[in-house]
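Encoded as structure tokens, the structure appears first; notes follow it.
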Amino acid sequence: MSNPFDVIIIGSGPAGYVCAIRCAQLGLSTAVIEQSSGVNNQPLLGGTCLNVGCIPSKALLDSSQRYADATGHLSEHGIGVGEVTLDIAGMMARKEKIVSQLTGGVSGLLKHNGVTVITGAAMLMSGREVAVTSGEGEVAHYTADHVVLAAGSEPAAIPPAPIDGERVVDSTGALCFDAVPERLGVIGAGVIGLELGSVWARLGAEVVMLEAMDQFLPNMDEQIAAESAKIFAKQGLDIRLGARVTGAEVDADGVSVSYTHQDSSVTERFDRLIVAVGRTPRTEGLFSADSGVTVDERGFVFVNDYCATEAPGVYAIGDIVRGPMLAHKGSEEGVMVAERIHGKAAQLNYEVIPSIIYTHPEVAGVGKTEQELKSEGVEYKAGTFPFAAIGRAQASGETDGLVKILSDAESDQILGAHVVGPSAADLVQQIVIAIEMAASTEDLQLMVFGHPTMSEAVHEAALAVDGRAIHMVNRAKR
Ligand code: FAD
Ligand code: AMP
């Protein structure tokens, strides 16, 4: 047994490394254990988010959007670019460079905060003892007053479409194709499927998305989901709802995918297939049976509202626990746990976590959706405003979409906001601030929004809640 720490954190993703930095800032002696390693056996920090998730996907989304602009939209601005070429290897190299800059940044931050980084696969035993197996198979044991499990998640698999890493890939494989597939199938029209499908569609692939559910983006506000579906269809994304994949046969030239659709069986040929059917918590081998840690019925580590597990002194944060599988949710849980270990009564407002789909345009939302308010019997007011009536959106040629704001019918307090359109993620973040400050739509109505900006759509939607929008004809005027 060696090195008793105040806190040991298992996993260096956005949940684990942020928790480690905050623990160290609070003066706690802190270690992070990470099983992935890269060159010279150096730990590969940053987890899914930095290595194979948020960051590389956004790098490719931004590169592919620039290609789409160059091959299409720039001419609308009166700009001719001649022949546009595509260098996939160059695009991938740029993505890798961004990833290594950011993972290197995390390494530097941990070092400068005095966090000890240990490479190896960790398992929590009883009594907050942690066994760490190195790549060479050596086992070291550490103890700590507090242990934080932040082991994250991995792509979910489905039996009909096993991953072969060539023709059939998961999200990680889809971030490093070496050529644009002519015809690309995507199983699952959720957040990850839509983002990766968009990347390859913009680069020239014919993309067909097969989604088992009949409803598109069921967790988003229904009006925003319906508007998004229309915009994606206009862009040429072929999204087939009610299409449940039952098999995928790989051969020398491609993959034949069978699925059921409206009581009939259909088979489609693709060059490649992305399986994007969700993610599962990475709990296997993470804790021993006598560690005291338990899992819930869906396989997530069981925690209370403050991320404490059933084992004394053991916490769990990020994708391995309930709640949305989002980097910012895990990071804020990491901060909350660090503060609580330090003795502060920190908490996290799970009601106000923004969710974003980084398509073009973006789709984003926070707080209650209209269908949730209806099912909860809450009396509410709604205001919507289309980007087509926003000067800046016209100037940018980004007129698709709308902003929607929901508020309590009596108190006018803002309960939710949902956007599909340009800068949706940043506009929804304005409403995150508003909700946290308990603002009403009247507060937003009285604020001055810069002109011409996309955020004027937020102002107008807030005005529209009371039939007072200026740049459209309101149904009910007040
Ligand atoms: P992870 O990031 O998965 O990190 C866990 C770490 O723990 C890993 O490094 C792993 O190697 C290590 N580990 C696991 N077990 C052990 C063990 N036993 N011992 C030692 N180390 C261990 N989220 C967003 O908010 N915005 C986005 O735009 C976004 N885009 C995404 C795009 C894609 C393609 C994918 C796949 C995900 C995306 N996500 C996004 C989700 C986001 O990546 C995750 O929510 C986030 O990474 C979870 O953080 P985490 O720290 O809980 O786990
Ligand atoms: P998300 O959880 O947002 O990443 O979305 C994953 C999507 O994959 C969900 O909408 C699921 O309905 C969908 N899905 C899961 N299994 C299948 C399947 N066999 N065929 C088609 N879609 C599926």
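Small disclaimer: the values here were computed from a predicted structure and weren't measured. Counting convention: from 1, in listed order, for ligands and their atoms alike.
- Atom numbering of ligand 2 starts at 1 in the shown order; those under 4.0 Å from a heavy atom of Met213 are 10 (O), 12 (O).
- Among Ser12, Pro43, Gly13, the residue whose heavy atom lies closest to atom 4 (O) of ligand 1 is Gly13.
- Judged by distance alone, the side chain of Ser455 and the main-chain N or O of Val458 form no donor-acceptor pair under 3.5 Å.
- For His418 (side chain) and Val428 (main-chain N/O), no donor-acceptor pair under 3.5 Å exists by modelled atom type.
- Nearest residue to atom 43 (O) of ligand 1 from Pro354, Ser153, Gly323, Cys49 is Cys49 (criterion: closest heavy atom).
- Given atom 28 (O) of ligand 1, the protein heavy atom at minimum distance is Lys58 NZ, 2.7 Å.
- Counting only heavy atoms of the protein, atom 11 (C) of ligand 2 lies nearest to Glu211 OE2, 3.4 Å.
- Side-chain polar atoms of Asp319 and Ser153 form a donor-acceptor pair below 3.5 angstrom.
- Within ligand 1, the atoms closer than 4.0 Å to a non-hydrogen atom of Gly47 are 2 (O), 4 (O), 8 (C), 9 (O), numbered from 1 in the order shown.
- With Glu362 contributing its side chain and Ala424 its backbone, the two residues share a donor-acceptor pair below 3.5 Å.
- Panel note: side chain Glu376, backbone Gln371; no donor-acceptor pair is recorded below 3.5 Å.
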Table please: side-chain donor-acceptor pairs of residues 169-176 below 3.5 Å, with sequence neighbours left out.
residue	atom	partner	partner atom	Å
Asp170	OD1	Thr172	N	3.1
Asp170	OD1	Gly173	N	3.1

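- The closest side-chain heavy-atom distance from Leu326 to Ser355 is below 4.5 Å.
- Close approach of ligand 2 to Leu210 (heavy-atom distance below 4.0 Å) involves ligand atoms 21 (C), 22 (N).
- Under a 4.0 Å criterion applied to the non-hydrogen atoms of Tyr358, ligand 1 contributes the atoms 28 (O).
- When non-hydrogen atoms are compared, ligand 1 lies under 4.0 Å from the side chain of Ile10 (C-beta onward) but not from its backbone.
- Residue contacts with ligand 1 for Pro155 are absent, since no atom lies close enough (heavy atoms, distance under 4.0 Å).
- Considering CG of Asp400 and CD1 of Ile231, their distance stands at 4.5 Å, rounded to 0.5 Å.
- For atom 53 (O) of ligand 1, the closest non-hydrogen atom on the protein side is Gly152 CA, 3.0 Å.
- Ranking the protein heavy atoms by distance from atom 45 (O) of ligand 1 puts Asp319 OD1, 2.9 Å first.
- The closest protein non-hydrogen atom to atom 21 (N) of ligand 1 is Gln35 N, 3.1 Å.
- The shortest N or O to N or O distance between Ala212 and ligand 2 is under 3.5 Å.
- For atom 26 (N) of ligand 1, the nearest non-hydrogen atom of the protein is Cys54 SG, 3.7 Å.
- Every N/O-N/O distance between Ile192 and ligand 2 stays at or above 3.5 Å.
- Under a 3.5 Å cut-off, the side chain of Arg282 and the backbone N or O of Ala151 do form a donor-acceptor pair.
- For ligand 2, the atoms lying closer than 4.0 Å to a non-hydrogen atom of Arg244 are 20 (N).
- Applying the 4.0 Å criterion to heavy atoms of Val191 picks out, from ligand 2, the atoms 3 (O).
- Applying the 4.0 Å criterion to heavy atoms of Ala243 picks out, from ligand 2, the atoms 20 (N), 21 (C).
- The structure places OG1 of Thr30 at 9.0 Å from CG of Asn113, a figure rounded to the nearest 0.5 Å.
- A side-chain N or O of Gln65 and one of Asp69 form a donor-acceptor pair less than 3.5 Å apart.
- Interface of Leu286 with ligand 1, defined as ligand atoms under 4.0 Å from a residue heavy atom, comprises 18 (N).
- Counting only distance, with no hydrogens or angles, the side chain of Thr260 and the backbone of Ser264 share no donor-acceptor pair below 3.5 Å.
- Ligand 1 lies less than 4.0 angstrom from a heavy atom belonging to Gly120.
- Looking at Ala151, Ser355, Gly193 and measuring to atom 5 (C) of ligand 1, the nearest heavy atom belongs to Ala151.
- Using a 4.0 Å cut-off between charged nitrogen and carboxylate oxygen, Glu211 and Arg244 do not count as a salt-bridge pair.
- Residue Ser57 has at least one heavy-atom neighbour below 4.0 Å for each of these atoms of ligand 1: 32 (C).
- At a cut-off of 3.5 Å, with distance as the only test, a side-chain donor of His360 or Glu398 sits close to an acceptor on the other residue.
- Every atom of ligand 1 is numbered from 1 in the order shown, and the set under 4.0 Å from a heavy atom of Ser36 is 11 (O).
- In terms of protein heavy atoms, atom 41 (C) of ligand 1 is closest to Met325 O, 3.7 Å.
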Side-chain donor/acceptor pairs under 3.5 Å, residues 20-27, sequence neighbours excluded:
residue	atom	partner	partner atom	Å
Arg22	NE	Glu339	OE2	2.7
Arg22	NH1	Gln25	OE1	2.8
Arg22	NH2	Glu339	OE2	3.1

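- Looking from atom 20 (N) of ligand 2 to the surrounding protein, the closest heavy atom is Val245 N, 3.0 Å.
- Near Val52, with a cut-off below 4.0 Å to any heavy atom, the atoms of ligand 1 are 34 (C), 36 (C).
- Each of the following atoms of ligand 2 lies closer than 4.0 Å to a heavy atom of Ile158: 19 (N).
- Annotation for ligand 1: atoms under 4.0 Å from non-hydrogen atoms of Gly318 are 52 (O).
- Contacts with ligand 1 closer than 4.0 Å are made by side-chain heavy atoms of Arg279 only, the backbone lying farther away.
- At the shortest separation from atom 19 (N) of ligand 1 among protein heavy atoms lies Ala122 N, 2.9 Å.
- Considering only heavy atoms from C-beta on, Glu129 stays 4.5 Å or farther from Tyr142 through its side chain.
- Of all the heavy atoms of Thr48, the ones lying under 4.0 Å from any atom of ligand 1 are found in both the backbone and the side chain.
- Nearest non-hydrogen protein atom to atom 25 (O) of ligand 1 is Ala327 N, 2.8 Å.
- For the ligand labelled ligand 2, residue Ala276 lies inside the 4.0 Å heavy-atom shell.
- The protein atom (non-hydrogen) at minimum distance from atom 5 (O) of ligand 2 is Gly190 CA, 3.5 Å.
- Under 4.0 angstrom from ligand 1, there are no non-hydrogen atoms of Glu154.
- Near Ile187, meaning under 4.0 Å from any of its heavy atoms, are these atoms of ligand 2: 18 (C), 20 (N), 21 (C), 22 (N).
- Every atom of ligand 1 with a heavy atom of Ile33 under 4.0 Å away is listed here by number and element: 20 (C), 21 (N).
- A donor and an acceptor atom, one from each side chain of Tyr315 and Arg340, are nowhere located under 3.5 Å apart.
- Between the Glu333 side chain and the Ile317 main chain, no donor and acceptor come within less than 3.5 Å of each other.
- Residue Ala15 has at least one nitrogen or oxygen atom sitting less than 3.5 Å from a nitrogen or oxygen atom of ligand 1, judged on distance alone.
- Interface atoms of ligand 2 facing Gly278, defined by a heavy-atom separation under 4.0 Å, are 2 (O), 4 (O), 6 (C).
- Here the side chain of Thr103 pairs a donor or acceptor atom with the backbone of Ser100 at under 3.5 angstrom.
- A distance-only check finds no donor-acceptor pair linking the side chain of Arg279 to the backbone of Met325 [under 3.5 Å].
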